[in-house]
Amino acid sequence: MKTFFWKKKSKDPDFIEDLKKNSQLKELIRYDENFNPKRKVIFESRLAGIILDHPRILFNPIKKVSSATLSDFNSIFENYINDKKNEFSKHCYEFFYHNPNIQAAYSGYYGKKLIQSKEDVTSFMDWVNNVLCSEDEETTYNKLLLILKYGHFFLRSYVHLKKFESKLDINIIPPGVGNEALKKQMNELWSKIHIDWPSNPITHSRISTHHTARAKLTSRFGIFSDEYVSQEDYVQLALPVIPLHLPGKNVWRVTSTAEFTQSARFNLNMPLIASIGGSLGLMLIPAMVVGNLDIEEMKMFNLGATALMIGLGHHSFHEFKRVWETLSIPYTDGDYKSIFPDGLIEKHSELKSLCEEFSDLLYRDQHSGQSFRKRY
């Protein structure tokens, strides 16, 4: 009876806020351990860190996609150089140039507007070209960052560009940039993933924190809170250092009332940060359509894309379920191993070591005790 009482109350946001002042807080914490089980939080963050720091055979599909986007990037930049007085052309360029995360990777500054001299435009174009064409595995983070922003530009931004509403169909991609047939394919796929705010039931599983105090900028990698990492400093040693960013987990707050949240929390015991979302599709759709990846390449690219999103704290692993289902990427609820291409772990020494250390998470269903290998 006591267990039922706390499970019911843990779904009530008002009760939780009141409980923070209550001596019974320890009972709530006992259930919040299910919300973000520490061992799985560590595994997901370290998995993401290994993929970005040691991409190995995952690097080729990532490089293939980044190279395929280069001509579109150059078209955007050239349009701006040739027609700086055109407001639309200016927006297209600044969409990339002034993105805080890209600026941090490019210049070392976060969210600082730089003077757009002709020389700096050329310098930024050269940097983008070098990143997208590079054979160096150390550029993996920057490649994925540019691909993510590419997806934002071609699949999301024009839904929200109200100032162009009278002049343009805001669901289209800019004319003169990219292949028209590919634009149509990408938009068709995005329409299957895109969440219709606020009517879609998925949005009921999270609350925007845009109007609340946010955490400070951080270079911490993964889905930890700052307090958690300070207590687990040894974990941070195994994670890459990335430029300053605002953790994605500070943009949304998970609610306990949604069906998805309850399933992830009480049945699958999977970590949650922002609840289910479609943002991973902003990377996977260009990879499928523009990068023309085959099935095995998509599985590998997906791990890279997932690593970036987890590393920046945008989502935890299971929150990508909707995207994977929509794009037919294999995933079994709560089963980390189901997302790996066959044989990848054995071929990748760092992944193999990690998966051996966390073998209990990859090879055993924690709820039934049955082996995933036997069941699937």
Side-chain angles (χ1 to χ4, degrees), residues 34-62 140 144 221-224 235 238-239 260 263-273 276-277 280-281 283-284 287-288 293-311 314-376:
N34 268 344
F35 204 89
N36 280 308
K38 287 185 178 181
R39 188 162 172 78
K40 291 185 177 180
V41 166
I42 293 173
F43 172 74
E44 292 189 16
S45 297
R46 284 183 56 186
L47 171 64
I50 284 174
I51 290 172
L52 292 188
D53 253 4
H54 310 282
R56 299 291 189 270
I57 55 179
L58 298 172
F59 181 71
N60 284 336
I62 294 171
T140 298
L144 290 169
F221 183 90
I223 58 177
F224 314 98
V235 175
L239 302 176
F260 169 79
S263 173
R265 185 177 186 183
F266 296 121
N267 298 330
L268 299 172
N269 194 31
M270 294 295 284
L272 295 175
I273 294 177
I276 199 166
L280 186 69
M283 304 180 75
L284 298 187
M288 294 175 70
L293 300 187
D294 62 30
I295 294 175
E296 287 305 307
E297 288 174 325
M298 272 302 300
K299 290 179 182 178
M300 292 187 182
F301 180 86
N302 174 58
L303 282 177
T306 299
L308 180 74
M309 301 299 282
I310 289 176
H314 288 300
H315 285 281
S316 57
F317 192 89
H318 185 63
E319 291 172 338
F320 300 126
K321 166 186 168 72
R322 170 186 170 91
V323 177
W324 291 332
E325 287 180 343
T326 303
L327 299 180
S328 300
I329 294 175
Y331 172 63
T332 302
D333 280 356
D335 178 7
Y336 288 116
K337 194 169 187 296
S338 65
I339 212 70
F340 287 98
D342 292 340
L344 175 66
I345 294 174
E346 291 73 20
K347 295 175 184 177
H348 193 302
S349 57
E350 289 84 4
L351 281 180
K352 184 177 180 181
S353 296
L354 178 73
C355 292
E356 286 175 351
E357 181 181 349
F358 289 86
S359 60
D360 55 310
L361 301 185
L362 275 85
Y363 303 113
R364 181 166 294 276
D365 183 336
Q366 298 301 297
H367 307 287
S368 68
Q370 297 176 358
S371 167
F372 277 122
R373 285 176 168 173
K374 290 180 181 179
R375 290 178 62 192
Y376 302 106

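No hydrogens, no waters, no symmetry mates; every other heavy atom, side chains included, goes into these values. Bear in mind that the values here come from a model prediction, so they are computed numbers and not experimental data.
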Would you give the length of the straight line joining atom [atom1] of [X] to atom [atom2] of [Y], rounded to the nearest 0.5 angstrom?
{"X": "I329", "Y": "I339", "atom1": "CD1", "atom2": "CD1", "value": "6.5 Å"}
{"X": "E44", "Y": "F358", "atom1": "CD", "atom2": "CZ", "value": "10.5 Å"}
{"X": "E356", "Y": "I345", "atom1": "CD", "atom2": "CD1", "value": "10.0 Å"}
{"X": "I51", "Y": "L308", "atom1": "CD1", "atom2": "CG", "value": "11.0 Å"}
{"X": "L47", "Y": "L303", "atom1": "CG", "atom2": "CG", "value": "7.0 Å"}
{"X": "M300", "Y": "D294", "atom1": "CE", "atom2": "CG", "value": "9.0 Å"}

### Query
Crowded around I295 CD1? As in, over 12 foreign heavy atoms under 6.0 Å?
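It does not: I295 CD1 has 12 such atoms or fewer within range.
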### Task
Could you walk me through whether L351 and F340 pass the side-chain contact (heavy atoms from CB on, under 4.5 Å) test, one step at a time?
CA-CA 10 Å; L351 281 180; F340 287 98; 4.3 Å; yes
Please check: side-chain N/O of [X] versus main-chain N/O of [Y], any donor-acceptor pairing under 3.5 Å?
{"X": "T332", "Y": "S338", "value": "no"}
{"X": "K40", "Y": "N269", "value": "yes"}
{"X": "E346", "Y": "K352", "value": "no"}

### Query
Going through the checks in order, is the side-chain contact (heavy atoms from CB on, under 4.5 Å) test met by F260 and R322?
CA-CA 10 Å; F260 169 79; R322 170 186 170 91; over 6 Å; no
### Message
The criterion is salt bridge (charged side-chain N to carboxylate O under 4.0 Å, His left out); which residues satisfy it with K321, sequence neighbours excluded?
### Response
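If we apply the salt bridge (charged side-chain N to carboxylate O under 4.0 Å, His left out) test to K321, skipping adjacent residues, the hits are E325, D333.
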### Task
Decide side-chain contact (heavy atoms from CB on, under 4.5 Å) for L362 and F43; before the verdict, give the C-alpha distance in whole Å, the side-chain angles of both, and the deciding distance to 0.1 Å.
CA-CA 10 Å; L362 275 85; F43 172 74; 3.4 Å; yes
[Y] and [X], any side-chain heavy atoms less than 4.5 Å apart:
{"X": "F59", "Y": "H54", "result": "no"}
{"X": "I273", "Y": "E319", "result": "yes"}
{"X": "H315", "Y": "L280", "result": "no"}
{"X": "S316", "Y": "V41", "result": "no"}

### Task
Could I get the full list of ring-ring contact (aromatic ring centres under 6.0 Å, His included) partners for Y331, not counting sequence neighbours?
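Y331 satisfies ring-ring contact (aromatic ring centres under 6.0 Å, His included) with F317, H318, W324 once adjacent residues are dropped.
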Residue pair [X] / [Y]: nearest heavy atoms and the distance that separates them:
{"X": "P271", "Y": "Y336", "answer": "CD-OH, 3.9 Å"}
{"X": "L239", "Y": "S45", "answer": "CD2-O, 3.3 Å"}
{"X": "F301", "Y": "P61", "answer": "CD1-O, 4.0 Å"}

### Task
Please collect all salt bridge (charged side-chain N to carboxylate O under 4.0 Å, His left out) contacts where either partner lies in residues 50-61, sequence neighbours excluded, each pair once.
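Qualifying pairs: R56-E137, R56-E350.
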### Task
Salt-bridge test for D342 and K299: reply yes if a basic N is under 4.0 Å from a carboxylate O, no otherwise.
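Not counted as a salt bridge, because no side-chain N and carboxylate O are separated by less than 4.0 Å.
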### Message
Walk me through whether L52 and L144 qualify under side-chain contact (heavy atoms from CB on, under 4.5 Å).
### Response
CA-CA 9 Å; L52 292 188; L144 290 169; 3.5 Å; yes
